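The structure under discussion appears below in the form of structure tokens.
Small disclaimer: the values here were computed from a predicted structure and weren't measured.
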Amino acid sequence: MDITNPEIEKYLTDLIPDRDEVLLEMEKIGYTREFPIVGPLVGRLLYQMVRLTGARKIFEMGSGFGYSAYWMAKAMSHRGDASSGSKIICTDGKAENARQAMEFFKRGGVADYIDFRVGDAIAILDAAQDTFDLIFNDIDKESYPLAFEKAMKKLRTGGLLITDNVLWYGRVLDPKAPDASTRGVQEYNRLIYRSEAFISNIIPIRDGVALSLKIR
């Protein structure tokens, strides 16, 4: 199910100024491989949130070949804080994705902002010593409730938790969802709205993006 009118999504996408050649190449790879990148509408939202919040310590759960992290790293670089220790910890289970992502980061001039770790995103976050200004969650959907539990502990008060695919192609409407992925997204959405530690909203662009501000 399309959660927005495809013509509206095309209209919004066509409004976006030209991306740099690295982003365009990444978008082409995502399309040809049918690899689920967040796309330019959500990419620009991530860029905006990094600039708006001034996030310097970011953790990304599920980085793929680096598309969403590239947007966030560009926000850091355009902010001009290369010497401030700003860093994005990227995670992915496949070493090949990490290798390809680092090539894109180097070409885009943002590799210095990236610490790419291969392995299970939740385990890596759980082991992290820092707390973070922003956590972006885009891992396997059945793991979303656990991701929320772990992220809540690692996000500073005033920090922002952003999660992709929270409308899950409209499957969240099924009260008796047969698959673990849909149930995971449904439970995640219940958790973010019921938690007294967060103020949350879901933005219905692309496949749904949740913004959760940690208030305590």
Side-chain angles (χ1 to χ4, degrees), residues 19 22-40 42-47 49-50 55-77 86-155 159-166 168 180-181 184-185 188 206-210:
R19 275 86 71 203
V22 177
L23 278 173
L24 290 174
E25 182 177 339
M26 295 169 89
E27 288 168 18
K28 183 177 180 180
I29 289 172
Y31 177 78
T32 56
R33 292 185 188 173
E34 297 185 347
F35 192 102
I37 62 174
V38 300
V42 177
R44 284 177 65 86
L45 178 64
L46 294 174
Y47 178 100
M49 290 300 101
V50 173
R56 298 185 185 278
K57 294 191 294 181
I58 297 175
F59 193 99
E60 181 174 58
M61 306 176 72
S63 299
F65 58 82
Y67 182 82
S68 49
Y70 187 94
W71 278 102
M72 294 189 286
K74 277 295 183 180
M76 287 178 165
S77 69
S86 294
K87 191 71 69 175
I88 302 170
I89 296 178
C90 294
T91 59
D92 197 84
K94 295 182 179 179
E96 176 57 25
N97 283 340
R99 182 199 63 77
Q100 188 173 27
M102 290 309 302
E103 291 180 1
F104 287 128
F105 297 144
K106 289 173 184 176
R107 285 173 51 194
V110 295
D112 288 346
Y113 295 97
I114 305 296
D115 174 4
F116 209 119
R117 304 181 187 182
V118 177
D120 178 78
I122 290 177
I124 295 171
L125 177 62
D126 202 30
Q129 298 301 308
D130 285 331
T131 55
F132 297 93
D133 304 312
L134 189 154
I135 295 176
F136 178 55
N137 171 39
D138 193 13
I139 59 171
D140 293 337
K141 311 313 165 195
E142 61 268 25
S143 298
Y144 269 23
L146 181 58
F148 175 75
E149 176 188 330
K150 299 299 182 181
M152 183 165 54
K153 298 174 182 176
K154 296 294 183 177
L155 192 68
L160 190 63
L161 172 61
I162 306 176
T163 295
D164 195 30
N165 302 115
V166 293
W168 199 225
S181 293
V185 176
Y188 180 87
R206 188 177 166 270
D207 194 30
V209 181

Closest heavy-atom pair and its distance - [X], [Y]:
| X | Y | result |
| --- | --- | --- |
| Lys106 | Ala111 | CG-CB, 3.8 Å |
| Ser86 | Met76 | CB-SD, 3.8 Å |
| Val110 | Ser77 | CG1-OG, 4.1 Å |
| Asp92 | Gly64 | OD1-N, 2.9 Å |
| Glu27 | Pro40 | OE2-CB, 3.9 Å |

key: Glu34: partners by side-chain hydrogen bond (donor to acceptor under 3.5 Å, both in side chains), with sequence neighbours left out   =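 side-chain hydrogen bond (donor to acceptor under 3.5 Å, both in side chains) check on Glu34 returns nothing, list empty.
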
message = Going by side-chain hydrogen bond (donor to acceptor under 3.5 Å, both in side chains), name the residues that satisfy it together with Ser181, two or more places apart in sequence or in a different chain.
response =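 Here the qualifying residues are Glu142.
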
Do [X] and [Y] have side chains that get closer than 4.5 Å, going by heavy atoms?
| X | Y | value |
| --- | --- | --- |
| Ile37 | Phe65 | yes |
| Leu46 | Met49 | no |
| Ser68 | Asp138 | no |
| Trp71 | Leu45 | no |

Interatomic distance, [X] atom [atom1] to [Y] atom [atom2] [nearest 0.5 angstrom]:
| X | Y | atom1 | atom2 | answer |
| --- | --- | --- | --- | --- |
| Leu134 | Ile58 | CG | CD1 | 5.0 Å |
| Met72 | Cys90 | CE | SG | 6.5 Å |
| Phe116 | Met102 | CZ | CE | 8.5 Å |
| Ile139 | Glu60 | CD1 | CD | 11.5 Å |
| Lys74 | Leu23 | NZ | CG | 8.0 Å |
| Leu161 | Leu155 | CG | CG | 6.5 Å |

Donor-acceptor pair, [X] side chain versus [Y] backbone, under 3.5 Å?
| X | Y | result |
| --- | --- | --- |
| Thr91 | Arg117 | no |
| Lys150 | Ala121 | no |
| Asp133 | Arg56 | yes |
| Asp130 | Phe132 | no |

Stepwise side chain to side chain contact (heavy atoms under 4.5 Å, CB included) test for Met61 and Leu125 = CA-CA 8 Å; Met61 306 176 72; Leu125 177 62; 3.9 Å; yes

task = Report the C-alpha distance between Phe148 and Asn137 in whole Å, list the side-chain angles of each, state the deciding distance to 0.1 Å, and finish with yes or no for side chain to side chain contact (heavy atoms under 4.5 Å, CB included).
result = CA-CA 9 Å; Phe148 175 75; Asn137 171 39; over 6 Å; no

key: Salt-bridge criterion met for Asp115 and Lys87 (N-O under 4.0 Å)   =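 The answer is no: the pair does not qualify as a salt bridge.
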
Lys/Arg-Asp/Glu bridge criterion (N-O < 4.0 Å) met for Arg107, Glu103 =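 Not counted as a salt bridge, because no side-chain N and carboxylate O are separated by less than 4.0 Å.
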
query = Between the side chains of Lys28 and Tyr31, does any donor sit under 3.5 Å from an acceptor?
reply =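 Judged by distance alone, the side chains do not pair up.
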
key: Thr163-Tyr188 side chain donor-acceptor pair, cut-off 3.5 Å   =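 Distance-only check passes for Thr163 and Tyr188.
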
request  = List the steps and the verdict of side chain to side chain contact (heavy atoms under 4.5 Å, CB included) for Lys153 and Thr131.
outcome  = CA-CA 8 Å; Lys153 298 174 182 176; Thr131 55; over 6 Å; no

request  = Apply the test ring pair (Phe, Tyr, Trp, His ring centres under 6.0 Å) to residues Tyr70 and Phe104: give CA-CA distance (whole Å), side-chain angles for both, the deciding distance (0.1 Å), then the verdict.
outcome  = CA-CA 8 Å; Tyr70 187 94; Phe104 287 128; 7.8 Å; no

ask   = Is there a side chain to side chain contact (heavy atoms under 4.5 Å, CB included) between Ile88 and Phe105 once you walk through the steps?
value = CA-CA 12 Å; Ile88 302 170; Phe105 297 144; over 6 Å; no

